[in-house]
Amino acid sequence: MSTDSNHSSGGHAVALRAERRWAIFAGALILLMLAVIVYSGLHWAMMPPSRVETIDPSRLQLSGEFVEDNLGTAVEPDGSVVVRFVAQQYSFTPQCLLVPADTPVTIRTTSADVVHGLLVTDTNINTMVVPGYVATLNTRFDKPVDHTMPCHEFCGFGHQAMWAHVKVIDKAAFFEQARQSRRLSCVSR
Ligand SMILES: [Cu+2]
C-alpha cells in the first residue's frame with residue numbers, strides 16, 4: 001500500500017477505468033451470446049420440443065410402433081422415410097440404420113430402460129433418449145457416407161461400448177430396396 005495520497009488516488013482511477021473496461025467487455029460478451037442464442041433459435045428453428053409424446057417403456061416390445069419387427073427404416077404410405085429404433089443398456093436396436101441420401105428423414109426413438117443420448121457424427125443430430133418419452137428428429141443426409149452414432153449419456157458400465165452405425169446410401173438404391181422389404185436396416189439378420 002502506498003502512503004503517497006496522489007499516487008494512491010491515481011492508482012484508484014486506473015483501477016476504476018480497468019474495472020469499467022472489463023465490465024463493458026463482459027457485458028458485451030453476454031449480449032453477443034444472447035444474440036447468438038436468439039439468432040440460432042429463430043434462424044435454424046432449433047426450438048425446444050413443441051410437443052411431448054409419452055410411451056410406456058415396460059411395454060415397448062409388446063405393442064405399439066417400437067415392437068421389434070417395426071424397427072428400422074420404413075417408407076410410410078405418404079412416401080416419407082421414418083427410422084425407428086430403441087436404445088437400451090448397452091446397444092441400439094437395430095445396430096445399423098439405413099437411410100437414403102438427400103431425402104427428408106424422420107427419426108423416432110425411445111429408451112427401454114435408463115436415460116441414453118445419441119449423436120450422429122458430422123451432422124447436427126443430437127438428442128437425449130429418455131425412457132417414457134419418444135424423441136423425434138427431422139433431418140436430411142446430404143450424401144452417401146457412413147456415420148457412427150454413439151450414446152453420449154453415461155448409462156452404466158457398458159456405456160462406452162454403446163454405439164451404432166448410420167449408413168447413408170444413394171436415394172434410388174434405397175427406394176429400390178424399400179420396394180422389396182417393409183423394414184430396412186443394414187444389420188445382417
Ligand atoms: Cu446409453
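Every number for a ligand or one of its atoms is a count from 1 in the order of the listing. The basis for the numbers below is simple: all heavy atoms, side chains too, and nothing from hydrogens, waters or symmetry mates.
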| query | Is a donor on one side and an acceptor on the other found under 3.5 Å between the side chain of R183 and the backbone of T73? | reply | no
Taken in chain and number order and not counting sequence neighbours, the residues that satisfy salt bridge (Lys or Arg N to Asp or Glu O under 4.0 Å) with E76 are R84
The disulfide (SG to SG under 2.5 Å) partners of C96 (sequence neighbours excluded) come to C186
* Asked: Would you say the side-chain atoms of N126 pair up with the backbone N or O of L119, donor to acceptor, closer than 3.5 Å?
  -> no
In V166, V105, V120, the residue satisfying side-chain contact (heavy atoms from CB on, under 4.5 Å) with I125 is V120
Tracing side-chain contacts under 4.5 Å among Ile, Leu, Val, Met, Phe, Trp and Tyr outward from L34 reaches I30
Excluding water, the protein N, O or S atoms sitting under 2.8 Å from the Cu ion (ligand 1) are H116 ND1, C151 SG, C155 SG, M162 SD
